Each structure stands twice: as structure tokens, then as C-alpha cells.
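Just so it is clear: chains get the letters A, B, ... in the order the sequence lines come, proteins before strands, and each one is counted from 1. Only a predicted model underlies this, so the values are computations on that prediction, with no experimental measurement involved.
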Amino acid sequence: MNKIVSLFCGIIFGIGLVISEMINPAKVLGFLNLFGEWDPSLAFVMIGALIISTPLFHLFKNKEKPLFSLNFSIPKNKEIDKKLIIGSVFFGTGWGLIGLCPGPAITSIALLNASSAIFVVSMFIGFYIASKTN
Amino acid sequence: MNIINFTPLSALTGGLLIGLSVILFFILNGRMVGISGIASDFLISKDNRIDNLLFLIGLILGPSIYTFFSGQEIEISISNSLFLLIGGGVLVGFGTRLSSGCTSGHGISGISRFSLRSIIATITFMIVGILTVLVTNIL
């Protein structure tokens, strides 16, 4: 059952990225262009997601276990360290250069666009380098 | 500052769906969604590999299902500079793996949990993203 959930949640997430237009790098760069012609739309993506996920997370986090799995797996790392900051700086730079973050990048493979494909392959190379060097 | 192309309603609707996906994945499968985590773990770790693959396949099916039901084509505008695409892609992959999260993992799942780590990561990549666009617009 949890396999079906994984597929279904991926589909819902992907459709959300399409409807919100986060899949469109030009839209994302418009959001990051705070000091120019600014498109604030994507702030509403975050608001929309958080008003659902925040209250429901706190409602369910103390339940004994999830419906189709043995236990909840919640990140335990609380350390504010160099990796967190340096990683976020690198990520922000790449995000600002192209306008794609991991979710929209992978979803945009569906559009059979060469630029998206090059970006996604490079992103996976980045994952691999980070996993080997840390 | 001038405001252009503002589409709050579609942004909010898409955001609600993303929030729904995050919370269903948590309530049903017990995991917090972070796409960089799902994608990089699929590459690197044996744990949950099938689940991670199915989630990624779901993402890629999303646009076709949207187009099938809405009849609307999806248009995007993206750089065609090979240098920027490769550089940007490697930075995004390396950075999100190093900081254990991206826009979804830190920005949505982490902030939902009130994780200070995720709040700091989100503020950092937002500010750096804004500065990067500012600099590329000047150059």
C-alpha cells in the first residue's frame, strides 16, 4: 500500500508544481527578482503548502505510527553547522542562476526539454559528489 | 520595486496540493517529503529505494495528468546556456545534499515542524537566490 501512496503523493506534488507554475524557471526567477520587476506569486505556493502541512503535522506527529508503515521517520539533526549554511549558499546560487530547484527540475523532465535534462543530470552529479566528499 | 505577472490564486492552489502531498506522505507512510532527499537517496542509498523511485515517477507523471484533464499545454522558459545549466545543476545537487534539504525539505516539511535548522536554511537560500538574480541582472 505504501508503494501506491508514494506514487500518488509524487503525482499530486507534480501537479501542484505545474498549477503553481513553479515548474517554469522564468516564473521562479521573477520571484527571486525582488529588486527588479518582482512577481510575488511563489510566496503563495509556500503559504498554501504550509497552511495544510503545519497544523496537520502537529496533529498527527504524536500518533503511535503512520497508517501504512511501522514508524514515523522525522529528521533528528538540530545542529546549525557549516554544512547547512554552505550547502544552502550553493543551492541558492544554482537556484538563482537557472530558476530550478530539485522538485520542479525532475518534474520538468516530462516536458522533454533538453535544458531540463542537462540540469537534472548535473544535479545528480552534484548529489554524488556531495555524498563522496562528506 | 514593480510588481508584475502576479498570479496568487494558481500559486495558492498549487501550494495547497503540494501541502496535501507532504501531509499524506507523512500520515500514511511516515516520512517527510524532501525532493532532494528522495532523489539523492534514490541514487545513493538502498533504503526505501522503490518508494523513492515511485515518488519521482509520480512527479514526472504529474504534468501529463494535468494536461490530460485540463487540456492545457505547459509552457516553460529556461536558459539554454550549457555552462549555466551544468553549473547551476551541480550547485543545486551538491548544495541540497550537503545541507540535507531543498525548497520542499527545508522550506515546507522543515518549517512545518518549526525546525530552526530548516528556517535558517530557507532564509539563506532565499537571500542567496535573490542576490544571484540581482548580480546576473547587472552583469
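Heavy-atom distances place the side chain of B:Val33, and not its backbone, under 4.5 Å from chain A. Contacts between B:Thr136 and chain A at a heavy-atom distance below 4.5 Å involve the side chain alone, from C-beta outward. When heavy atoms are compared at a cutoff of 4.5 Å, B:Ile120 approaches chain A solely by way of its side chain, counted from C-beta outward. Residue B:Ser115: no heavy atom, backbone or side chain, is found under 4.5 Å from chain A. Within the 4.5 angstrom heavy-atom criterion, only side-chain atoms of B:Asn137, from C-beta onward, approach chain A. When heavy atoms are compared at a cutoff of 4.5 Å, B:Ile60 approaches chain A by way of both its backbone and its side chain.
Note: B:Leu28 leads B:Ile18, B:Leu28, B:Val133, B:Leu84 in heavy-atom pairs under 4.5 Å with chain A. Most heavy-atom pairs under 4.5 Å with chain A: of the set B:Thr122, B:Thr96, B:Thr124, this distinction falls to B:Thr96. Ranked by heavy-atom pairs under 4.5 Å with chain A, the first of B:Ser118, B:Gly107, B:Gly105 is B:Gly107. When B:Leu61, B:Ile50, B:Ile108 are compared by the number of non-hydrogen pairs under 4.5 Å with chain A, B:Ile108 comes out ahead. Between chain A and the options B:Gly101, B:Ser109, B:Gly89, heavy-atom pairs under 4.5 Å are most frequent for B:Gly89. Contact tally against chain A (heavy-atom pairs below 4.5 Å) for B:Ser104, B:Gly95, B:Gly62: the top residue is B:Gly95.
Listed by first and then second residue, the ring-ring contact (aromatic ring centres under 6.0 Å, His included) pairs that reach into residues 84-120 of chain A are A:Phe90-B:Phe94, A:Phe91-A:Trp95, A:Phe91-B:Phe125, A:Trp95-B:Phe125, sequence neighbours excluded.
Under the side-chain contact (heavy atoms from CB on, under 4.5 Å) criterion, A:Ser116 pairs with A:Ser108, A:Asn113, B:Ile76, B:Ile78, not counting sequence neighbours.
The side-chain heavy atoms of A:Ser69 and B:Arg31, taken from C-beta on, include no pair separated by under 4.5 Å. Two residues are said to be in side-chain contact when any heavy atoms from C-beta on lie closer than 4.5 Å; B:Ile86 and A:Ser122 meet this criterion.
Criterion: ILVMFWY side-chain heavy atoms under 4.5 Å apart, direct or through other members. Under it, B:Leu131 and B:Ile123 are part of a common hydrophobic cluster.
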